[in-house]
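Values in this document were obtained by computation on a predicted structure and should not be read as measured data.
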Amino acid sequence: MEKLTTILQNRRLVAAFVLLVVLGTLALDIAGMVHPCPYCRVQRFALGVLAILLLLKGYNRLLPRYIAAVAGMMGLVVGLTQNFNHIKKMNAGEFDWSAVSIGHPWVLSGLAVLALVWQLFLIFDVDRASARRA
């Protein structure tokens, strides 16, 4: 478990993985193999910006943190809005539960939100800051 925690706290590994996923989904979008979703594009942009910032040496300086906060919050708002739209469909009885798979927009936006929060935690050193206070 400690090894997994170490890997997940390695900002370069996390950023490289997220950037590979972003580039892969961007290629699918450009090739026209997926539906052109504006929600997905904004979330992809935010994920890419945060991944690039994490790969930079001075990721924890003021300007990169400001850019991360703006891009990250934009991606989070869009991702949570997309999730909420699917929850509205569930409450209205219009949600197709049989269509839920790893490629479903509800699942993908949920994963994007989780990745955005994780990257923001790494940029703002959430785990290290709380460990110093304890």
*Asks:* Let me confirm one number: the OG-CG distance from S109 to L76, rounded to the nearest 0.5 Å.
*Replies:* 11.5 Å

*Asks:* Answer with yes or no whether the hydrophobic clustering places L47 together with I52; edges join I, L, V, M, F, W, Y residues whose side-chain heavy atoms lie under 4.5 Å apart.
*Replies:* no

*Asks:* Who are the side chain to side chain contact (heavy atoms under 4.5 Å, CB included) partners of F95, not counting sequence neighbours?
*Replies:* H86, K89, M90, W97, V100, H104, W106

*Asks:* Tell me, please, which residues at least two apart from A15 pass side chain to side chain contact (heavy atoms under 4.5 Å, CB included).
*Replies:* A51, L54, L55

*Asks:* My understanding is that only residues two or more places apart in sequence, or in another chain, count here; which of them pass side chain to side chain contact (heavy atoms under 4.5 Å, CB included) with L80?
*Replies:* V113

*Asks:* Mind checking the CZ-CG spacing from F124 to L120? Nearest 0.5 Å is all I need.
*Replies:* 6.5 Å

*Asks:* Output every pair passing salt bridge (charged side-chain N to carboxylate O under 4.0 Å, His left out) with a member in residues 90-105, not counting sequence neighbours, ordered by first then second residue.
*Replies:* none

*Asks:* According to side-chain hydrogen bond (donor to acceptor under 3.5 Å, both in side chains), who are the partners of Q43, at least two apart in sequence or on a separate chain?
*Replies:* Q82

*Asks:* Listing request: all salt bridge (charged side-chain N to carboxylate O under 4.0 Å, His left out) pairs with a residue in residues 47-70, at least two apart in sequence or in separate chains.
*Replies:* R65-D125

*Asks:* Each residue besides F84 in its hydrophobic cluster should be listed here, by chain and number; the cluster joins Ile, Leu, Val, Met, Phe, Trp and Tyr at side-chain heavy-atom distances under 4.5 Å.
*Replies:* none

*Asks:* When you group the ILVMFWY residues by side-chain heavy-atom contacts below 4.5 Å and let the links chain together, are L108 and V22 in the same group?
*Replies:* no

*Asks:* Do the side chains of M73 and Y59 join up, straight or via other hydrophobic residues, at under 4.5 Å, putting them in one cluster?
*Replies:* yes

*Asks:* Please walk me through it: do N85 and K88 pass side chain to side chain contact (heavy atoms under 4.5 Å, CB included)?
*Replies:* CA-CA 5 Å; N85 286 337; K88 286 192 320 190; 3.6 Å; yes

*Asks:* Find the distance between CH2 (W118) and CD (Q9) and round it off to the nearest 0.5 Å.
*Replies:* 6.5 Å

*Asks:* Taking all atoms of both residues into account, what is the closest heavy-atom pair of G75 and A46, and its distance?
*Replies:* CA-CB, 3.7 Å

*Asks:* Going through the checks in order, is the side chain to side chain contact (heavy atoms under 4.5 Å, CB included) test met by F45 and V49?
*Replies:* CA-CA 6 Å; F45 170 78; V49 168; 3.6 Å; yes

*Asks:* Using side chain to side chain contact (heavy atoms under 4.5 Å, CB included), reason through I67 and L50 one step at a time and then give a plain yes or no.
*Replies:* CA-CA 8 Å; I67 294 169; L50 295 182; over 6 Å; no

*Asks:* Going by the rule side chain to side chain contact (heavy atoms under 4.5 Å, CB included), which residues pair with L56 if we only count those two or more places apart in sequence or in a different chain?
*Replies:* L53

*Asks:* Taking ILVMFWY side chains as joined if any heavy atoms are under 4.5 angstrom apart, and letting links pass through other members, which residues group with V70?
*Replies:* Y66

*Asks:* Keeping to residues at least two apart or across chains, list the salt bridge (charged side-chain N to carboxylate O under 4.0 Å, His left out) pairs with something in residues 103-120.
*Replies:* none

*Asks:* Listing request: all side-chain hydrogen bond (donor to acceptor under 3.5 Å, both in side chains) pairs with a residue in residues 14-29, at least two apart in sequence or in separate chains.
*Replies:* T25-R44, D29-R41, D29-R44

*Asks:* Which other residues end up in the same hydrophobic cluster as L26, if Ile, Leu, Val, Met, Phe, Trp and Tyr are linked when side-chain heavy atoms come under 4.5 Å apart?
*Replies:* I30

*Asks:* Which distance, rounded to the nearest 0.5 Å, do you find between the CG of L19 and the CD of Q119?
*Replies:* 9.0 Å

